[in-house]
Structures are given as C-alpha cells and as structure tokens.
Q: 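Supplied in structure tokens, the structure appears directly below.
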Amino acid sequence: MAAIAVALLIASLLAYPAYQLIHPWQPEWRLDKIASRLFDLVLLGFIILVLQRLRLKGREAWGWQTQAGLGARQYLVGAALGILTMSCVSVSMVLLGARSLDSSLDAAMLLTALQAGLGSGLVVGLVEETLFRGLILGAATRDSRSAWPGLIAVSILFASLHFLANVKIAHEDVTPWSGWLLLTSTFADFMHPERLIDAFLALFGVGLLTGLARITTGNVLFAAGLHGGWVLVMRTTIGITQLPKDAANAWLLSNHDGYTGWLVTFFILLFLAAAKLASRPLRALLRIT
C-alpha cells in the first residue's frame, strides 16, 4: 500500500514534465493518460522492490512460468476470446443506442482506431496483468489456503486504481499544477461513490475474471490476451462511435470513460457463467492438465 501511495505521488509530480516531452510527438495523448501510464511504470518498479523484500524471485513471481509454445497459445486464445466477447458488448451498445457510429466514419478512421486499439491492447494487457494478476495476486495468495480473499482484494485494488486521473484536462488548460489536480480529484471522486459504482463494478468484474484465469492456468498469459482483446475492441469502438445526446439508454454506460458501466457488468457476469459452464472444453483448448 505504501508503494501504491508513493507511486501515485510520483506520477502526479512527473505528469507535467512528461507531458511537455511527449506532447510534441504524440499530441493526442492527454495529461491524464500520461499520468496513468507513469503510475503503472513507477508502481512496477516499487513492486519489484517489494518482491525482493518478500524474497519472491523468478518467472513464477511475475506469473510467466510456462513453456514458450504453450504460453503463446494461451495468449492467442485469450486474445481471440477477448475480441469475440467484447465485440458482443460493443454491438449491443450500438443496437441499444447507447453509442452510435460516427457519421464521418471511413476506412482511414477505422484503421486509426484499430491501430490505437491494438497498441493499447498489447501494452495494457501485458503490463496490467503482469502487475496485478502476476506480481500482486501471486504475492497476496502465496501463503493462503484459499485464493478468494486475495483475489477479491486485488480486484478491488485494480478497479479503484482505474479512477486515477479521472479528470480530463484539455491540452490548452494544462499547467504545472495539473498533476496535483489529477491526484486530488481522484480522492474527491471516492467521496461520491454513486458517480463511480457502475464503472467500479464493471472493472471489479474484469479483475475477478482475469484473476480466475490466472489461477486456473497458473500464469498471466491467457489473462493478458483476454484483457488485451477487450481493450482493443473498447478503444476501437470509442474511436469509431459517438455518445448520442440524450440517448434513452445512456445510463448503461458510465461517465468515467463512456464504455464501462452497467452493460459491461452484465456481460462480465455472463462471461463468468459461460466460463463455468464451458470449463472442461476451455481447459482442453488451453491444454491445462
């Protein structure tokens, strides 16, 4: 917890200098996005120190203990399932009118959205699963008779940290104090849980499902592929659709990111039930003995 608190502070302090360096060659990256990625990197460094203190070493501590061929297979299966399942969510959003296709959608816009989604999916899936389901979940469940307390705690942590930099600051409004604004707004939002509960439950469900995937397979690669596929579809969908004004089903999506929310939570519950029902063929597909 101390590592997380210090990482939050460092990411907030470095957000503005990093923005000044990155903005000239990546002008579309907002300050809050840069702060979130800084937090992931700084926290990863602190987690490595914590692992050393706990004497956790090697690929097993990172959740990467598997043969290369099997790991690649599990990652690709996870990515395929992630793309398939989250595509169902995105299609439902459009059919229900919660999001609508951008009127200016063309091949170039679609390609740009796919590229952004693919890049985010690769990075977010591998980094977040290694951090949360590999390092943190592995440490939390190492000496436990049951994995459930650690799994629930890490899923709560995973969901909570997604509200870092919840304030979107326009490029023209960025100042040297913007990093501090991001930090203080994060804690202010938790004083009003009704604003966050829909997105929080969706993200908690994501953490729970990927955590179960990590425990079942014994490594993070299937979970990383699954998570990456979800992010790819989510980012692509956001890139080619819009939020209609005064849409009747707008309540299905959160104000947090315009995607996670009650609809995603409902589908995550379906995915959990489907994983339970299809456990045997899924284990065979992943070659889990």
Side-chain angles (χ1 to χ4, degrees), residues 5-43 90 93 98-124 127-128 159-192 194-196 198-200 202-203 231-247 250-251 253-261:
V6 175
L8 278 170
L9 181 60
I10 292 175
S12 300
L13 291 173
L14 295 180
Y16 180 74
Y19 176 84
Q20 292 292 89
L21 290 173
I22 294 172
H23 185 64
W25 58 276
Q26 287 289 354
E28 71 278 7
W29 285 21
R30 296 190 313 271
L31 181 81
D32 54 282
K33 179 178 181 179
I34 293 172
S36 295
R37 295 297 167 259
L38 275 173
F39 170 74
D40 288 341
L41 291 173
V42 175
L43 181 59
S90 291
M93 288 180 183
R99 295 194 74 97
S100 60
L101 290 175
D102 195 307
S103 58
S104 60
L105 178 61
D106 56 16
M109 178 183 288
L110 177 59
L111 181 60
T112 299
L114 282 170
Q115 289 175 335
L118 181 60
S120 295
L122 284 171
V123 173
V124 173
V127 171
E128 291 194 354
S160 299
L161 292 178
H162 274 75
F163 297 98
L164 170 68
N166 198 31
V167 170
K168 305 298 187 287
I169 301 176
H171 295 294
E172 60 271 18
D173 295 328
V174 173
T175 72
W177 301 102
S178 295
W180 179 251
L181 175 62
L182 292 175
L183 181 62
T184 55
S185 66
T186 297
F187 296 104
D189 283 341
F190 282 104
M191 298 298 102
H192 302 278
E194 71 280 0
R195 301 176 185 174
L196 309 176
D198 52 352
F200 180 88
L203 291 165
V231 172
L232 188 159
V233 174
M234 174 183 170
R235 295 300 179 194
T236 302
T237 301
I238 291 175
I240 64 173
T241 61
Q242 296 177 326
L243 291 169
K245 294 182 179 179
D246 302 321
W251 63 272
L253 311 183
S254 72
N255 293 323
H256 169 60
D257 56 14
Y259 193 95
T260 55

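For reference, positions follow the sequence shown, starting with 1.
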Q: The criterion is salt bridge (Lys or Arg N to Asp or Glu O under 4.0 Å); which residues satisfy it with R37, sequence neighbours excluded?
A: D40
Q: May I ask you to test the T241-L101 pair for a side-chain heavy-atom distance under 4.5 Å?
A: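 The answer is yes, as the side chains (C-beta and beyond) meet within the 4.5 Å cut-off.
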Q: Under the side chain to side chain contact (heavy atoms under 4.5 Å, CB included) rule, collect the residues that match up with Q26, sequence neighbours excluded.
A: I22, E28, W29
Q: For W251, check side chain to side chain contact (heavy atoms under 4.5 Å, CB included) against everything at least two apart and list the hits.
A: N249, W262
Q: According to side chain to side chain contact (heavy atoms under 4.5 Å, CB included), who are the partners of A116, at least two apart in sequence or on a separate chain?
A: none
Q: Testing the basics here: between L38 and A18, what is the closest heavy-atom pair and its distance to 0.1 Å?
A: CD1-CB, 3.8 Å
Q: If you round to the nearest 0.5 Å, how far is CG of L161 from CG of L43?
A: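 Going from the CG atom of L43 to the CG atom of L161 covers 7.5 Å.
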Q: Closer than 3.5 angstrom, by distance alone: can the side chain of D257 be matched with the main-chain N or O of T260 as a donor-acceptor pair?
A: yes
Q: Could you tell me which residues satisfy side chain to side chain donor-acceptor pair (under 3.5 Å) with T237, sequence neighbours excluded, listed by chain and number?
A: S90
Q: When you measure from the side chain of R99 to the backbone N and O of L253, does any donor-acceptor pair fall under 3.5 Å?
A: no
Q: Using modelled atom types and a 3.5 Å cut-off, is there a donor and acceptor pairing between side-chain atoms of S120 and backbone atoms of G117?
A: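 Such a contact is absent between S120 side chain and G117 backbone.
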Q: Measure up the H171 and Y19 rings against each other and bin them: parallel (under 30°), tilted (30 to 60°), perpendicular (over 60°).
A: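 Parallel.
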Q: Which heavy atom of H256 sits nearest to which heavy atom of A199, and what is that distance?
A: CB-CB, 3.9 Å
Q: Taking only residues two or more places apart in sequence, or in another chain, which ones meet L9 in a side chain to side chain contact (heavy atoms under 4.5 Å, CB included)?
A: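 Partners of L9 by the side chain to side chain contact (heavy atoms under 4.5 Å, CB included) criterion, ordered by chain and then number, come out as L13, L183.
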